[in-house]
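The next block holds one structure in the form of structure tokens; read it before the comments.
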2 protein chains.
Amino acid sequence: MATGRTERPAQRGRGIPEATVARLPLYLRALSALSERGVPTVSSEELAAAAGVNSAKLRKDLSYLGSYGTRGVGYDVEYLVYQISRELGLTQDWPVAIIGIGNLGHALANYGGFASRGFRVAALLDADRAVTGQRIAGMAVRHMDDLEQIVREDHVSIGVITTPAPAAQEVADRLVAAGITSILNFAPTVLSVPEGVDVRKVDLSIELQILAFHEQRKSGLDPVAGPVPARPSKPGERGDLPEVMPA
Amino acid sequence: MATGRTERPAQRGRGIPEATVARLPLYLRALSALSERGVPTVSSEELAAAAGVNSAKLRKDLSYLGSYGTRGVGYDVEYLVYQISRELGLTQDWPVAIIGIGNLGHALANYGGFASRGFRVAALLDADRAVTGQRIAGMAVRHMDDLEQIVREDHVSIGVITTPAPAAQEVADRLVAAGITSILNFAPTVLSVPEGVDVRKVDLSIELQILAFHEQRKSGLDPVAGPVPARPSKPGERGDLPEVMPA
DNA sequence: TAGATTGTTAATCGATTAACAATC
DNA sequence: TAGATTGTTAATCGATTAACAATC
């Protein structure tokens, strides 16, 4: 193999920080919008504003991919779209399987945002025979029994779990056994998976709880409604009297 | 006001790191499960395992709330549930409005995970008269025209945006104007809001893109499909020939 | 008392940011 | 050339982690 193969800029390859990877899709989205508007070039200042970050961070992030800008000019929109897409692995199509066709699975099956970004919903799966066979978004829902076959034949490497929480771990185990190495988990459970399998989670109620925390600070009140549980008494402390909580 | 009011442990109050706040809901979920099983106490090691973090991080996180454990014993499950709930502001009920009743809004309206965690879906709203009036999860969908009234009367402080992307900013503006100060945004857009308004976003396709990035590294291939856009020529460089990309 | 486990310290690591030399 | 803007450096900030004294 020629030496050129390994002569990547030092920062490329494995070395892209996770925080940067997580922002690349934001840049890509902003760039796609510019591309559709026919904008040929964009400065780090403009692109950063469109993506909702500051320009120093944007430039640092892009520098991990290489030197794709032009000083005094900015970045070529199309070229940068391509470079980021390639870095994220979106120049190929990723077949995705959705497991658990309840309300959320149903919504995701119909979600247009996947197809437009290099993902293809290859299969909808459910364990309930009352659901299998139904047609959703033009696809028949298949039974979980077909999982292994589908993964094999359609080269599915990403699974999306939208089952109820109690079923999620078992589904994850089956996905892993079938050869899937990336899981997007919507069930509110911690999944345990072997090394080498990536799990990302989306938890709707966790996001709300984080908002509630900040909302509480804003309103200034420290509201305590309902009974306050007794602090468990420790040996050496005076008894079982519920102590007054700091208001 | 008595001085005791301000004698909080130094680390309490404003000082809780964001990363810690984001993990408190995880601990709460794990603790709730333990509570339901009737487990009276738990060690940092056990709780950390249940929440999917390491125990040093868990102890550090909990130490920001106060000293609620007992050395040699662990944490009282019920007591810690209460303390975390209080810190997150979940001892009160948060009325939530969902705006945009498409597939996703529909799914969220039916999502049980909200009610069980101190949130109450107070209203479903849509701008489309073909949708308003429909009953979903036992509630009638109201028209956007009623937004201001609903926010006022039901004391809604959290809005969930599940509209298509092009409508999201306008909806956010109206929510803010109506007095809402926390927004959970599912639309794939960067929202601009005034200081003091919190926005959190959930973007399904971004999560998939992050998975795709890592998936690509695993498979080892650096697949380039389709045409490679020409690198924009810079003055001083040789012409417009598309350069060969690093494979 | 001996064993267990917390709460905290301090070291390390990674991410953010401002500033500016390089260069178009 | 002068103005604009990148790419990079270095300082700062925040988060993670191991280790262990405190203490139940």
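Since we're looking at a predicted model, the values are computed, not measured. To find a chain, count down the sequence lines: A is the first, B the second, and so on, and within it residues start at 1.
- The distance between atom CG of A/D61 and atom P of C/dG14, rounded to the nearest whole Å, is 16 Å.
- The B/P17 side chain lies nearest to D/dA15 when the options are D/dT17, D/dT8, D/dA15.
- When only modelled atom types and interatomic distance are considered, B/S182 and B/R200 share no side-chain donor-acceptor pair under 3.5 Å.
- As the counterpart of D/dA11, C/dT16 is assigned, both hydrogen-bonding distances of the Watson-Crick or G-U wobble pattern falling under 3.5 Å.
- Mapping B/E45 and A/V73 onto DNA chain C by nearest heavy atom places B/E45 at the nucleotide closer to the 5' end.
- Of the inter-residue distances, the one linking A/Y111 atom OH with B/L204 atom CG reads 5.5 Å to the nearest 0.5 angstrom.
- Atom P of nucleotide C/dT9 and atom CZ of B/R59 are separated by 14 Å, given to the nearest angstrom.
- A/A19 comes within 4.0 angstrom of sugar-phosphate atoms only, judged by non-hydrogen atoms across all strands, and of no base.
- Under 3.5 Å, the side chains of B/R117 and A/S205 contain no donor-acceptor pair of N or O atoms.
- The partner of D/dT6, taking Watson-Crick or G-U wobble pairs whose two distances both stay under 3.5 Å, is C/dA21.
- Residue-to-nucleotide contacts include no donor-acceptor pair under 3.5 Å from the side chain of B/R71 to the base of D/dT23.
- We find that CZ of A/R23 is positioned 8 Å from P of C/dA15, with the value rounded to whole Å.
- Nearest-nucleotide assignment on DNA chain C puts the 5′-proximal partner with A/E18, out of A/G72 and A/E18.
- Phosphate proximity of C/dT6 to B/S44: present, with a side-chain N or O under 4.0 Å from OP1 or OP2.
- One side chain, B/Y79 or B/Q83, offers a donor N or O that lies under 3.5 Å from an acceptor on the other.
- A straight line from OH of A/Y64 to P of C/dA15 spans 7 Å, rounded to a whole angstrom.
- In this model, the phosphate group of D/dC24 is not approached by any side-chain N or O of B/Y75 to a distance below 4.0 Å at OP1 or OP2.
- Between the NZ atom of B/K57 and the P atom of D/dT16 there is a distance of 5 Å, given to the nearest Å.
- Protein atom CD of A/E46 is 12 Å distant from nucleotide atom C1' of D/dA4, rounded to whole Å.
- Distance B/L62 CG to C/dT5 P: 16 Å, rounded to the nearest Å.
- The distance between atom CG of B/L65 and atom C1' of C/dT6, rounded to the nearest whole Å, is 14 Å.
- Salt-bridge check for A/E87 with B/R217: passed, with a basic side-chain N closer than 4.0 Å to an acidic carboxylate O.
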